[in-house]
Amino acid sequence: MRTRSTSKKRQSGQAIVLFSLMVCSILVPIVGLGIDGSRGYLVRLKLSSSVDGGSLAAARLLGTGSNATQQLANAQATATQYVNANFPANFYGSNLIPAALNICVDPGADTSDPCHVGGAGVSTYKVRTVSLAASATMTTWFMKIIGMNTVVVAATGLAQRRDVRVMLVMDRSSSMAGYYTGINQTPPSINDMALQFVNSFSGSGDLGGRDEMGLVVFGGSAIVAYPPRNISTNDYSDPKNFTHPDSNFKQAGNMPTYIADLNQGSNTGTAEALYMAYSTLRADAS
């Protein structure tokens with residue numbers, strides 16, 4: 001009967017020891033890094049989508065509020081609420097760091113770029129910008145073995161919009177009967193929806209305050225309701241006879257008043273209305 005030598009037994013024991021050391025020192029950290037790294041990637045994706053949505057939501061509110069200060073506060077509060085609502089607590093073992101939530105709003109009044117998003121050679125003048133940065137702390141599972149109990153995941157979001165010049169063309173012909181029912185209606189009337197559209201832009205007194213807007217209303221014939229067309233001539237083909245849109249469209253007595261008073265009636269002079277809107281946009285286009 002054969003028996004193993006003492007040397008072979010000693011070699012077998014060494015192999016087991018070496019394998020155990022390799023598992024503890026190499027394989028477990030590698031597997032742990034893969035698992036914790038995957039968790040961190042998922043956390044970053046969730047955080048990134050939250051800050052992207054928060055910056056977009058804040059940018060949409062830059063025109064809401066009684067003045068620029070209130071609009072800025074609304075935008076910042078909305079961004080914070082959106083991030084908190086869309087990044088749940090203990091998401092894959094991570095939580096937001098409240099002190100790391102940074103919301104920067106640039107009205108684009110000059111080229112100073114306070115949010116530092118333009119980069120070399122990029123101008124942010126006349127561009128309204130919302131920049132949002134957030135961080136979350138994630139508790140590790142396996143990386144604690146190498147002394148890393150937590151990792152910090154960060155993401156940034158950015159929303160920008162240039163100043164615009166817009167003409168709102170509204171059909172008040174008889175075919176619209178029943179839709180012009182005044183303001184503050186349930187369901188909303190055309191008047192309500194038009195006012196909401198107008199208020200989404202940034203006029204004088206708002207944050208930025210450089211958007212320009214005008215209004216054309218048509219039934220059987222069309223008129224430039226705001227800004228009023230120069231009626232000293234009937235030459236509709238000359239854009240010099242039109243006043244270009246301005247940033248005062250939200251002021252009392254201007255577009256909100258006209259829209260609230262609109263009612264349906266008469267025929268449908270669409271072509272004339274669209275041409276008037278085009279001519280008004282062309283006025284002083286340079």
Side-chain angles (χ1 to χ4, degrees), residues 53 56-67 70-71 74-75 78 81-82 128 161-231 234-237 239 241-283:
L56 288 171
R60 293 188 63 179
L61 286 180
L62 289 181
T64 62
S66 57
N67 53 57
Q70 184 61 50
Q71 291 164 7
N74 289 344
T78 298
Q81 292 169 0
Y82 197 97
R128 290 189 296 166
R161 182 174 75 75
R162 293 187 176 276
D163 298 341
V164 295
R165 174 178 282 186
V166 180
M167 287 298 296
L168 174 61
V169 181
M170 297 187 67
D171 178 5
R172 57 169 295 274
S173 62
S174 298
S175 61
M176 306 301 292
Y179 297 100
Y180 282 96
T181 55
I183 59 173
N184 300 323
Q185 301 297 308
T186 306
S189 65
I190 286 183
N191 312 71
D192 288 322
M193 290 184 283
L195 286 172
Q196 183 178 7
F197 178 74
V198 169
N199 287 330
S200 66
F201 293 90
S202 179
S204 58
D206 295 332
L207 188 68
R210 296 176 302 270
D211 290 341
E212 297 178 347
M213 197 169 190
L215 173 66
V216 171
V217 180
F218 70 94
S221 60
I223 62 168
V224 181
Y226 186 83
R229 189 181 72 85
N230 183 345
I231 58 174
N234 291 324
D235 184 6
Y236 287 87
S237 64
N241 295 320
F242 290 81
T243 303
H244 65 82
D246 61 38
S247 62
N248 298 317
F249 57 91
K250 284 187 181 180
Q251 301 301 310
N254 293 341
M255 285 181 62
T257 300
Y258 303 149
I259 291 173
D261 292 340
L262 280 177
N263 210 332
Q264 76 280 348
S266 190
N267 299 316
T268 310
T270 307
E272 182 183 7
L274 293 178
Y275 188 80
M276 280 190 173
Y278 170 71
S279 296
T280 303
L281 287 173
R282 284 186 61 197

List the atom of [X], the atom of [Y], and the distance in Å for their closest heavy-atom pair.
| X | Y | value |
| --- | --- | --- |
| Pro227 | Gly214 | CD-CA, 4.1 Å |
| Lys250 | Asn199 | NZ-O, 3.2 Å |
| Thr78 | Ala58 | CG2-N, 4.4 Å |
| Met170 | Ile259 | SD-CG1, 4.1 Å |
| His244 | Ala283 | CB-O, 3.1 Å |

Side chain to side chain, [X] and [Y], heavy atoms closer than 4.5 Å:
| X | Y | result |
| --- | --- | --- |
| Pro245 | Thr280 | yes |
| Thr243 | Pro228 | no |
| Tyr179 | Gln264 | no |

Residues Asn74, Gln70; criterion side chain to side chain donor-acceptor pair (under 3.5 Å); working and verdict
CA-CA 6 Å; Asn74 289 344; Gln70 184 61 50; 2.9 Å; yes
Judged by atom type as modelled, is there a donor-acceptor pair below 3.5 Å linking the side chain of [X] to the main-chain atoms of [Y]?
| X | Y | value |
| --- | --- | --- |
| Ser266 | Gly220 | yes |
| Gln251 | Phe249 | no |
| Ser202 | Asp211 | no |

Can you name the ring pair (Phe, Tyr, Trp, His ring centres under 6.0 Å) partners of Phe197, sequence neighbours left out?
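With sequence neighbours excluded, Phe197 shows a ring pair (Phe, Tyr, Trp, His ring centres under 6.0 Å) to Phe201, given in chain and number order.
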Contacts of Phe218 that satisfy ring pair (Phe, Tyr, Trp, His ring centres under 6.0 Å) - sequence neighbours left out
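Applying ring pair (Phe, Tyr, Trp, His ring centres under 6.0 Å) to Phe218 gives none.
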CA sep, side-chain torsions, deciding dist, call: Asn191, Leu262, side chain to side chain contact (heavy atoms under 4.5 Å, CB included)
CA-CA 7 Å; Asn191 312 71; Leu262 280 177; 4.0 Å; yes
Among side-chain atoms of Ser175 and Ser173, is any donor-acceptor pair under 3.5 angstrom?
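Present: a donor and an acceptor within the cut-off.
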For a quick check under 3.5 Å, do Glu272 and Ser221 share a side-chain donor-acceptor pair by atom type?
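Per modelled atom types, Glu272 and Ser221 side chains form no pair under 3.5 Å.
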Walk me through whether Tyr180 and Arg172 qualify under side chain to side chain contact (heavy atoms under 4.5 Å, CB included).
CA-CA 8 Å; Tyr180 282 96; Arg172 57 169 295 274; 4.2 Å; yes
Supply the atom-to-atom distance [X] [atom1] to [Y] [atom2], rounded to the nearest 0.5 angstrom.
| X | Y | atom1 | atom2 | answer |
| --- | --- | --- | --- | --- |
| Tyr226 | Met255 | OH | CE | 9.0 Å |
| Gln71 | Asp206 | CD | CG | 4.0 Å |
| Leu168 | Leu215 | CG | CG | 5.5 Å |
| Leu274 | Met167 | CG | CE | 10.5 Å |
| Glu212 | Asn248 | CD | CG | 9.5 Å |
| Leu195 | Ser189 | CG | OG | 8.0 Å |

List for me each residue that meets salt bridge (Lys or Arg N to Asp or Glu O under 4.0 Å) alongside Asp163, sequence neighbours excluded, and say none if there are none.
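For Asp163 the salt bridge (Lys or Arg N to Asp or Glu O under 4.0 Å) partners, ignoring immediate neighbours, are Arg210.
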Are more than 12 heavy atoms, taken from residues, nucleotides or ligands other than Tyr258, located less than 6.0 Å from that residue's OH atom?
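Buried by this count: over 12 neighbours within 6.0 Å.
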